[in-house]
Amino acid sequence: MNDASPGWPVHGAALTSWVRLWPPAASAQAGTVDGIFVALLVFCGAIFLLVVGLLVVFSIRYRRGSRAKRGMLPEVLTRDIEIGWYAVVTFLAVFMFGWAGATQLTLDAPPPGALEIHVVAKQWMWKAEHPNGAREINELHIPRGEPVRLVMTSQDVIHSFFVPAFRRKQDVLPGRFTEMWFTPTEEGEFHLLCAEFCGTSHARMGGRVVVMAPEAYAAWVAAQPQGDTLARQGEALFNAYGCSGCHATSSSVHAPRLAGLYGRPVQLADGRTVRADDAYLRDSILQPRRDVVAGFQPIMPSFAGVIDDGELQAIIAYLRSLRPEEAR
Ligand code: CUA
């Protein structure tokens with residue numbers, strides 16, 4: 001790291017550090033995003049220069065009183081120019097769309113087994129919780145070289161989780177889970193920002209992402225005061241809110257069993273099939289009448305306004321942790 005630049009850490013990136021226009025590229029995804037940005041800049045710059053260049057040339061050449069030849073171009077020539085121009089511009093637009101779209105699809109699909117960290121945003125701080133229950137505020141410690149998946153929600157207004165060095169940004173909304181993933185490639189400290197105006201102290205809602213060697217991360221996590229892990233908290237809430245009263249195997253109430261449910265397709269009463277992901281579980285807790293499972297009656301009460309977003313995350317972590325053989 002360059003000690004002379006406490007602001008943006010620069011990692012020997014000679015090409016991008018000559019002016020501090022560009023943050024360091026510290027994730028496996030950053031290169032592609034930069035590539036798309038540069039390509040767009042070059043395309044737009046070339047068209048801009050062409051248009052401005054012709055404007056200047058024509059202004060001088062065809063100024064009032066000049067002897068330049070005037071009148072219509074031969075029709076064949078105008079037609080060829082027109083067709084060529086549309087063909088080139090259409091090709092460029094479709095190419096950019098395909099490239100950016102394909103990139104976005106991979107950026108939206110976290111690899112299986114990514115390190116999952118839960119993030120809750122609130123005015124005006126970022127709270128993170130690691131798989132073993134270690135928590136931190138306005139800091140995010142992660143290991144280098146490992147895919148990291150953030151599952152995020154907000155307790156109040158819309159925020160946006162932004163790490164320029166990773167070239168990743170994702171809105172964080174109240175009442176919904178959003179996800180983002182990346183693979184950090186460089187050790188060091190990087191800015192963590194909120195990129196959505198969220199009130200008086202929006203500008204101060206930030207901190208740092210600390211990328212550590214995998215062994216250093218393991219040591220760091222182990223040294224944190226261990227809270228109850230999220231799933232254990234979720235289990236306590238699952239019992240406290242009475243969910244287990246109906247969803248336990250021993251219950252006399254006819255309710256869907258939840259062990260092994262996470263990630264599997266669910267057949268609904270109206271014929272649709274949905275995937276039991278975070279969003280589905282959350283909706284089923286808050287709006288149980290919306291997606292009734294085939295073969296069951298809509299008898300579950302809504303927990304909207306009863307269970308808050310942090311508790312929902314914990315309960316869903318618990319449901320996810322249930323293996324089919326642990327049916328309870
Ligand atoms: Cu949170 Cu801006």
Side-chain angles (χ1 to χ4, degrees), residues 5-9 20-27 29-30 33-34 36-37 100 104 107-108 110 114-131 133-142 147-184 186 188-212 224 227 230 233 277-279 282-283 285-286 304-305 307-317:
S5 61
W8 296 109
R20 206 54 54 73
L21 282 178
W22 219 287
S27 78
Q29 290 74 19
V33 176
D34 284 353
I36 292 172
F37 177 72
Q104 188 61 47
L107 292 183
D108 282 346
L115 174 68
E116 182 176 308
I117 296 178
H118 288 253
V119 172
V120 176
K122 60 173 286 200
Q123 289 168 321
W124 288 277
M125 64 182 73
W126 296 104
K127 299 193 283 189
E129 179 157 346
H130 294 256
R135 295 156 184 250
E136 48 187 339
I137 289 181
N138 288 344
E139 295 207 336
L140 182 65
H141 288 73
I142 45 176
V148 176
R149 170 170 167 248
L150 304 181
V151 178
M152 308 185 287
T153 191
S154 164
Q155 285 183 354
D156 36 50
V157 300
I158 301 177
H159 303 273
S160 182
F161 193 98
F162 182 29
V163 184
F166 296 166
R167 308 291 192 274
R168 301 294 285 122
K169 174 158 64 173
Q170 171 63 53
D171 275 12
V172 179
L173 299 99
R176 203 192 292 186
F177 290 114
T178 52
E179 293 189 11
M180 146 170 161
W181 79 276
F182 45 78
T183 306
E186 303 273 344
E189 293 181 14
F190 306 97
H191 284 282
L192 161 61
L193 307 169
C194 177
E196 181 81 43
F197 181 69
C198 55
T200 318
S201 295
H202 155 73
R204 292 218 207 101
M205 180 169 170
R208 55 187 193 141
V209 176
V210 183
V211 180
M212 315 168 88
Q224 299 309 302
L230 205 55
Q233 291 170 34
D277 56 7
D278 289 36
R282 167 174 212 293
D283 289 347
I285 295 168
L286 300 183
I307 300 183
D308 73 29
D309 284 316
E311 292 175 329
L312 273 172
Q313 273 191 342
I315 290 173
I316 291 169

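Remember, it's a predicted structure, so these values are computed and weren't measured experimentally. We count ligands from 1, going down the list as the structure has it; atoms in each ligand are counted the same way. Note that the numbering runs from 1 along the sequence shown for the chain.
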Undergrad: Can you name the one residue among Lys122, Gln155, Arg282 that meets side chain to side chain donor-acceptor pair (under 3.5 Å) with Asp309?
TA: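 Exactly one candidate clears the test, Arg282.
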Undergrad: Have a look at His159 and say which of its N, O or S atoms is nearest atom 1 (Cu) of ligand 1.
TA: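 Relative to atom 1 (Cu) of ligand 1, the closest nitrogen, oxygen or sulfur of His159 carries the name ND1.
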Undergrad: Might you point out which heavy atoms bring Leu173 and Thr153 nearest each other, and give the distance in Å?
TA: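 Looking at all heavy atoms of both residues, the closest pair is O-OG1, 3.4 Å.
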Undergrad: Without swapping roles, check the side chain of His159 against the backbone of Glu196 for a donor-acceptor pair under 3.5 Å.
TA: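 Absent.
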Undergrad: Looking from atom 1 (Cu) of ligand 1, what is the angle between SG on Cys194 and SD on Met205, to the nearest 10°?
TA: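 Centred on atom 1 (Cu) of ligand 1, the SG/SD angle is 110° (to 10°).
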Undergrad: Of all the N, O or S atoms in His202, which one sits nearest to atom 2 (Cu) of ligand 1?
TA: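 Going by distance to atom 2 (Cu) of ligand 1, the closest N, O or S atom in His202 is ND1.
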Undergrad: Side-chain donor-acceptor pair under 3.5 Å between His130 and Glu136, yes or no?
TA: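 Glu136 and His130 do have a side-chain donor-acceptor pair below 3.5 Å.
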Undergrad: Atom 2 (Cu) of ligand 1 as vertex, arms to O of Glu196 and SG of Cys198: angle to 10°?
TA: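 With atom 2 (Cu) of ligand 1 as the vertex, the angle is close to 110°.
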